[in-house]
Amino acid sequence: MHKPIKYVEKGLTYAAKGAWGVFDALNSVHRNPGFVPNWSDKPLQKSWEKVKPPLGWPRETDSLCPTCVREARQEILDGKRDVSILLNEKVGEIKATILERDGKILMVKDCPVHGHFEDVMAMDPAFFKHLEDAYPGSAIRAHNDEKLHNHGTSTIKYGRGSVLTIDLTNRCNMMCDPCFMDANQVGFVHELGWDDIKTLLDNAITIKPKRQMSVQFSGGEPTLSPYFLDAVRYAKKVGYNSVQAATNGIEFAKSPEFARAASEAGLRYAYLQFDGIGNAANSHRLVGNLFDVKLRAIENLWSNGVDIVPVTTIVNGVNNEQVGRIIKFALDNPRKISFLSFQPVSFTGRDEEITDERRTAQRYTLSHLAHDVKNQVQLGEPVRDWFPISFMGTFTDWADLVKGPAQDWGNLSCGCHPNCGVGMAVMIDKDTKEAVPVTAFLHGEQLAKDLQRVNDAARGKRLSMIGMGLALMKNYDSFKSPTHFKMTDLIKKFDKTFGASGKDYGRVDGLRTLEDVERRRSDRWNFLFIAGMWFQDLFNYDFRRTERCIIPYATQQGEISFCAYNTGIGWRNIIEKMHMTATLTKWYEEHGRHEIFAGGKQVTLGTAEHTLVLDADAVSAVRQTDLDDAGIAKTAREEKLRARDEAKKTAENERMATLYRQHVLKEAAPTSLATGLQIQGLKKAATPVETPEPTVN
């Protein structure tokens, strides 16, 4: 039975619908033009001014031939072709078609040299269509960016971005597979010096519209950089109020003091590699006690005011059954986990030359994620509760409008292509742990349409806030919200998220303190955001996605789309080679070898104690064995070993067949064999072959 307040709120919803009709009619008369904020030289956009790429299907787009790209990249790395061709030519580019076949959305493409390629984009066409239908369009076109955005057909064209990524080093203290950058395996060290770091951060804030307030230090493992804390401190100084680290957590787990120092420097979020619950679920990372490391890292970071974002690379058949267990972990620990990021595997780095068999078996899409969440946790409906992360652009536009033109930075804007990322918001009662998808009790699509009309009218702060209030109330269903949730909680949550009213919920800017952190954490309601970010690889590459990238890399050659950097033509390989710090041999001579945890090696922890709530069954579960049962390799290393063994087996079979023909059938040996093959038992001496010295690239 519903509480009395729920019936009162239902009445308010009906009243708000009536009031909205009057408000909207008056608000639509003589709309105001969009103003030009300090953070842009172009005005705020109206909804009809936003640009959209071709959507729907079948549709044609620009893609890449996986083989042409690898060949062209190697020629550049070998010095046979100049890197300038990437600015002036469409290297490796071919057309691709996105279509529906057999209940799936596919990308199919043909290279005149290397033949046919195809891959799955979604296993649920209705879900794919919903994402594209909900896309509001691209953010303001990038300007004042000519020096930093100049990468040929890979150039970023739209928006202020969401998170600027800076790789501090390509060194890592793990040897993971998969790995975007093939860390520790490329034969040289690429590590930014202090002047490099300052320059990249200073350059980034010159682009208009000004980058929103997030910068993420990554790697390799960023905490291995001697400038990690200084980089965090400087990023905070120049205005990035959301400074993040993409980390495996080892250094934070080993040292509470290091976690405290990072927090004091200004670290706000730790994007923590987190592949599952229990050490077995993390065993493919080849660290014996990796799950214990994660738990200690969470304890040390959270207690020092750093918020945790578990980041899971999902590989079908390896750890996709962990999706539900990880979400259950977040639901059981709502005071410590408020964001989850699932990243369906991108076959790049060590996995770029994956076999078709393994790629088909391991491919995992955003549609897989939405359905796994529903099936494994009974949480959310794929088409009702999941939206492209760019859907938030309408709410960002409203926040920018309300805060006015004097702001130096715009709000968080995720204007990426709808095929790039998705999310579902869940409201959790921290006291009772009741969890309900927000769009189960708030009509998300209609709310966005209503708010779009508020934004288009551009009436200023007061009327825009009234419009938001009415839109929230009219689209709210009190009977479907959590038991103790109230309409006022909803309005407060939106205000806290966007900081529109100016009420102090705890600072989030550069003056943020532990007291501010605790004040924000004291909220009874946890707005858990479950996100899926699907980075491209050479098999599903789409330039319409690349040009809308919201998480660019800042490099010595400008700011480059995440996917163009890690895959595509492979700007990472090229730039790191161009600007390498030292060969591995020279680096080891000068600095020694850093510790690497691999081969089952354990991380030494001061203690393994923690206060997190764990599901005992999930912790004790054995690792997933789907691929083992199917006889499919799980990693690039395993594929190479199998290929080597198969080659040996083939060679041995050929040798035995030759012996049989010669000694049983009495056939004459082929000339090439007679002169070049030494058969065991025959005494002909082999010609010595000079072995070249190994080289370091």
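Count residues from 1 along the sequence.
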Roughly how far apart are [X] [atom1] and [Y] [atom2], rounded to 0.5 Å?
X	Y	atom1	atom2	answer
L528	M424	CG	CE	8.0 Å
L612	W302	CG	CH2	9.5 Å
F527	I428	CZ	CD1	11.0 Å
N333	K336	CG	NZ	7.0 Å
Q362	D626	CD	CG	11.0 Å
N248	N173	CG	CG	4.5 Å

Restricting to salt bridge (Lys or Arg N to Asp or Glu O under 4.0 Å), what partner residues turn up for [X], sequence neighbours left out?
X	answer
E518	R521
K254	E251
R325	E321
E353	none

State whether [X] and [Y] are salt-bridged, where the test is any N-O pair (Lys NZ or Arg NE/NH1/NH2 against Asp/Glu carboxylate O) under 4.0 Å.
X	Y	answer
K601	E595	yes
E639	K634	no
E264	R260	no
R171	E221	no
K328	D332	yes
R545	D542	no

Donor-acceptor side-chain pairing of [X] and [Y] below 3.5 angstrom:
X	Y	result
D292	N279	yes
N319	H284	no
Q322	D275	no
T348	S346	no
N566	Y553	yes

Are the side chain of [X] and the backbone of [Y] linked by a donor-acceptor contact shorter than 3.5 Å?
X	Y	answer
D516	R507	yes
S303	N300	yes
T567	C563	no

### Message
Could you work out, with ring-ring contact (aromatic ring centres under 6.0 Å, His included) as the rule, every residue matching H151, not counting sequence neighbours?
### Response
W571
### Message
With heavy-atom distances below 4.5 Å as the criterion, would you say the side chains of T546 and F562 are in contact?
### Response
no
[X] and [Y]: which non-hydrogen atoms are nearest, and at how many Å?
X	Y	answer
F217	L201	CZ-CD1, 4.2 Å
F252	A259	CD2-CA, 3.8 Å
N320	G317	OD1-N, 2.7 Å
L272	A297	CD1-CB, 4.3 Å

### Task
With sequence neighbours left out, write down each residue that passes side chain to side chain donor-acceptor pair (under 3.5 Å) with D523, or none if nothing qualifies.
K493, K496
### Message
salt bridge (charged side-chain N to carboxylate O under 4.0 Å, His left out), that's the test. Do K198 and D195 meet it? Break it down for me.
### Response
CA-CA 5 Å; K198 287 179 64 177; D195 289 340; 5.6 Å; no
### Message
In terms of relative ring orientation, are Y271 and F339 parallel, tilted or perpendicular, with 30° and 60° separating the classes?
### Response
tilted
### Message
Pair Y227, Y234 - check ring pair (Phe, Tyr, Trp, His ring centres under 6.0 Å), show working.
### Response
CA-CA 10 Å; Y227 301 111; Y234 189 76; over 10 Å; no
### Query
Are more than 12 heavy atoms from other residues, nucleotides or ligands located less than 6.0 Å from atom CD of Q556?
yes
### Message
Please tell me whether W409 and Y240 form a close aromatic pair, meaning their ring centres lie under 6.0 Å apart.
### Response
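Yes: the rings meet the under 6.0 Å criterion.
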